[in-house]
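In what follows, a single structure is set out as structure tokens and then discussed.
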Amino acid sequence: MSNCAIVGVNWGDEGKGRMVDLLTEGYDIVVRFQGGGNAGHTVENDMGKFALHLLPSGIFRSGVMNILGNGVALDPENLMKEVEDVRSKGVSITPDNLMISDRASLLLPWHRDMDELEEIRLKDKKYGSTKQGIAPFYSDKHQKKTVLAGELFYPEKFRAHLRDLMEWKNLTLQSVYGHEPYTMEQLEQWIADCCEKIKPFVGDTGAYLKEAGESGKQILFEAQLGSLRDLDYGIYPYTTSSNTMAAYAPVGSGYPAAKIDSTIGVCKAYSTCVGEGPFVCEMSGEEAERLREAGNEYGAKTGRPRRVGPIDLVASKYGVEVQAATEVALTKLDVLSYMDEIPVCTGYIVDGKQTDRFPFPLALDDAQPVIEYVKGWKEDISGIREFDSLPEEAQEYVKMIEKAIGCPITYVSVGPERESIIIRK
Ligand code: GDP
């Protein structure tokens, strides 16, 4: 056993939550190191079906410490709603199994407004924001215009800092967007309703992780979204505003000296993408509708229908590379069981030439997919637990992907439940 990162290889929604839920058994600590409540992990286990947005997926396992690291967009309001929701289904959440980094920046009430106002200003040029305030939050964090969770322990300084930030932000809200200014009364309400509730969970997670790491505890780093949404390596500007890479996990977790021994890249057996941006292998019409229905591809946070397509070997290979994945978990293979023939995107045509290299983001606009078809298996595989018991065609499909992406596929998921997994090691 060793430290491990579980990350997305595609555009997000690969099923990372179900993999973390499965693997937390062997780990002492699960850490979320980036992102906010703008996407969702869906986890199904013996306690029910949960849509997690900010909580680490280890929250269902007793004895596991869950940490929200300094790299996350810590939204006190949404976090406490989520905590109450998960608690209402019988899951215990206390400072004994959830810790928030004192160095995590707080997503402030105006970040959501800024997101909404900017999307309105952009009209049809919008990026498809989930309007959770994530982009304004990260830009303010990098301008050093947010407050840290640990400031809650210094009430006077915290309020003075917040007042300065409010006065600064009101200039933009009023003069640029013609929006109402914020008042300290509103912020006092927010402090009382939301911040005071997160306070018992806030602590020095960096020290906790360092001690845990040095005493041989096993840490699982859990990412949100996927390679193609990474701020630096994704389809900019249709990315998220944080780094979704395993390489960022030590920095965003609060334990920069952490060594990641294995990185599991989660890759879906077909492609999905939420929101705007280039999506070379996109399917349309009835074919798309059928796949969307079969895979139940509707956003966990927004309910938006996801765009769908065949597996994209060009994007997935790139996704595996930038994550430096040491192994891959292929999810939702069962969803393809209805197909006579399965389409596969094996290359792109860029500037008249076929390539298997993922191009510069702007070149994606005119890239054409090369689609080939492989034979389907046309039988229910959801009850299968051994790789050799899969129909020949399904085994071939997995091996073909493995070869193209250049990384061993060690898990094949054939259903949403914790036990619907084939382990191939
Ligand atoms: P995440 O954000 O990467 O965790 O992904 P999502 O939670 O948005 O999407 C994964 C969805 O697929 C969830 O509803 C899961 O319950 C479901 N799921 C995960 N793995 C499988 C699988 O192998 N087969 C099927 N049918 N559903 C799966």
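As the structure is a computational prediction, the values presented were derived from the model and not from experiment. As the structure lists them, so they are numbered: ligands from 1, and atoms in each ligand from 1.
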Stepwise, does the salt bridge (Lys or Arg N to Asp or Glu O under 4.0 Å) test hold for E84 with K197? CA-CA 11 Å; E84 293 308 333; K197 291 190 186 150; over 6 Å; no
Can you name the atoms of ligand 1, numbered from 1 with element, that are less than 4.0 Å from a heavy atom of S413? 20 (N), 21 (C), 22 (C), 23 (O)
So the atoms of ligand 1 within less than 4.0 Å of a heavy atom of R18 turn out to be 19 (C), 20 (N)
Regarding ligand 1, does [X] bring an N or O atom to under 3.5 Å of one of the ligand's N or O atoms?
X	value
G17	yes
G15	yes
T331	no

Salt bridge flag under 4.0 Å for residues R292 and E289: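 The answer is yes: the pair qualifies as a salt bridge.
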Determine, for R418 against D21, whether the closest basic-nitrogen to carboxylate-oxygen distance falls under 4.0 angstrom. yes
Non-hydrogen atom of G415 closer than 4.0 Å to ligand 1: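 The answer is yes: ligand 1 sits under 4.0 Å from a heavy atom of G415.
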Going by heavy atoms, is R306 under 4.0 Å from ligand 1? yes
Anything under 30° is parallel, anything over 60° is perpendicular, the rest tilted; go ahead and classify F33 against Y248.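 Ring orientation of F33 relative to Y248: tilted.
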Below a 4.0 angstrom heavy-atom separation, can you tell me which part of V414, side chain or backbone, both or neither, approaches ligand 1?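 Backbone only; the side chain of V414 stays clear of ligand 1.
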For D13, which part has a heavy atom under 4.0 Å from ligand 1: side chain, backbone, both, or neither?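 The answer is both.
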Look only at the side chain of Q395 and the backbone of F387, and say whether a donor-acceptor pair between them is shorter than 3.5 Å.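 Yes, the answer is positive, given that a donor and an acceptor are paired below the 3.5 Å cut-off.
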Could you check whether atom NZ of K403 has more than 12 heavy atoms from other residues, nucleotides or ligands sitting under 6.0 Å from it? no
Smallest heavy-atom separation, T263 atom then Q323 atom, equals CG2-O, 3.7 Å
